[in-house]
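Notes follow once the structure below has been shown.
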Amino acid sequence: GIIYMPNIVNYLNHRTLALMVETFSTVLGSELHICDADGVCVQTDEIITDTEHLLRVPIRIDEQTIGKLWLRPPAHLTPQASLDFLKLLGATLSSMCTRQQHLRYRTDDLGTLYRLTAQFTGQVDIQDLLDTVTATVVALLKVHSCTIRLLNEEGTELTIQSANNINDANLIMKPIPLEESRIDLE
């Protein structure tokens, strides 16, 4: 599964961040620092101690600070223009990290789908396949239980064909009339 990563260096690599620092510092003609959540600068691996006259903007994902931007305002920009630039850069980095997080979620989802598919390949007996599906869904998706209901021969009820980790025997035995099924209502 996905591990929550509260640090910018877990989303964007040091090389990318250092290149951004170098480029923006050159363009601005002033010191720009990107620091991780612990305050360690990505370009120097040191903590900024002299913060006087530095503007600071947090880099956030889901209300969690994953890093900080520090800028000594350049002489050719007003302090407000410098702060506005820093906020824009912070929002851009936050967006990049959010996209990276979403890509990791999708990659994890696709990996789970691949593992599910690999488990099902080669199954010949339909009941074995259904049992493998419910067991695999519980294990890989880390859900409490899983059932598979199929239409009966008349096409009027959904009956459980496979169940994994279901303790309520009444649930397993009771068919659901198709017209009462949430799936039928959609």
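Note that the structure is predicted; figures quoted are calculated from it, not measured.
Between Asp36 and Ile66, the closest side-chain pair of non-hydrogen atoms is not below 4.5 Å. The closest side-chain heavy-atom distance from Leu93 to Leu17 is below 4.5 Å. Considering only heavy atoms from C-beta on, Leu69 stays 4.5 Å or farther from Met20 through its side chain. You'll find the side chain of Pro6 reaches within 4.5 Å of the side chain of Gln64, heavy atoms only.
Here salt bridge (Lys or Arg N to Asp or Glu O under 4.0 Å) pairs that include residues 64-76, with residues two or more places apart or in two chains, are Glu31-Arg72.
Taking hydrophobic clusters as Ile, Leu, Val, Met, Phe, Trp and Tyr residues chained together by side-chain heavy-atom distances below 4.5 Å, Leu89 shares a cluster with Leu55. Transitive grouping of hydrophobic side chains (ILVMFWY, heavy atoms separated by less than 4.5 Å) brings Ile8 and Phe24 into a common cluster. One hydrophobic cluster, built from ILVMFWY side chains closer than 4.5 Å, holds both Val138 and Val133.
In this structure, the side chain of Asn7 engages the main chain of Ala37 through a donor-acceptor pair within 3.5 Å. Side-chain atoms of Thr65 do not come within 3.5 Å of backbone N or O of Gly67 as any donor-acceptor pair.
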Quiz prompt | Evaluation steps, side chain to side chain contact (heavy atoms under 4.5 Å, CB included), between Gln100 and Arg104 | solution = CA-CA 6 Å; Gln100 181 68 21; Arg104 288 185 181 162; 3.4 Å; yes
Quiz item: Where do Ile34 and Ile59 land on the side chain to side chain contact (heavy atoms under 4.5 Å, CB included) test, with the steps shown first?
Solution: CA-CA 9 Å; Ile34 299 175; Ile59 303 165; 4.3 Å; yes
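Leu28 approaches His76 most closely through the heavy-atom pair O-CE1, 2.8 Å. Between Leu32 and Ser25, the shortest heavy-atom distance links the atoms N-OG, 3.1 Å. Closest of all the heavy-atom pairs between Pro175 and Thr159 is CB-CG2, 3.6 Å.
With sequence neighbours left out, Glu22 forms a side-chain hydrogen bond (donor to acceptor under 3.5 Å, both in side chains) with no residue at all. By the side-chain hydrogen bond (donor to acceptor under 3.5 Å, both in side chains) test, Asn13 is found to be paired with Thr16, residues two or more places apart in sequence or in another chain being considered. By the salt bridge (Lys or Arg N to Asp or Glu O under 4.0 Å) test, Asp109 pairs with Arg106, sequence neighbours left out. Residues that satisfy the side-chain hydrogen bond (donor to acceptor under 3.5 Å, both in side chains) test with Glu154, not counting sequence neighbours, are Asn152.
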Side-chain polar contacts of residues 79-88 - donor-acceptor pairs under 3.5 angstrom, sequence neighbours left out - could you list them?
residue: Gln80; atom: NE2; partner: Asp84; partner atom: OD1; Å: 2.8
residue: Ser82; atom: OG; partner: Thr78; partner atom: O; Å: 3.1

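The side chain to side chain donor-acceptor pair (under 3.5 Å) test with Ser162 is passed by exactly one of Thr132, Thr147, Thr134: Thr134.
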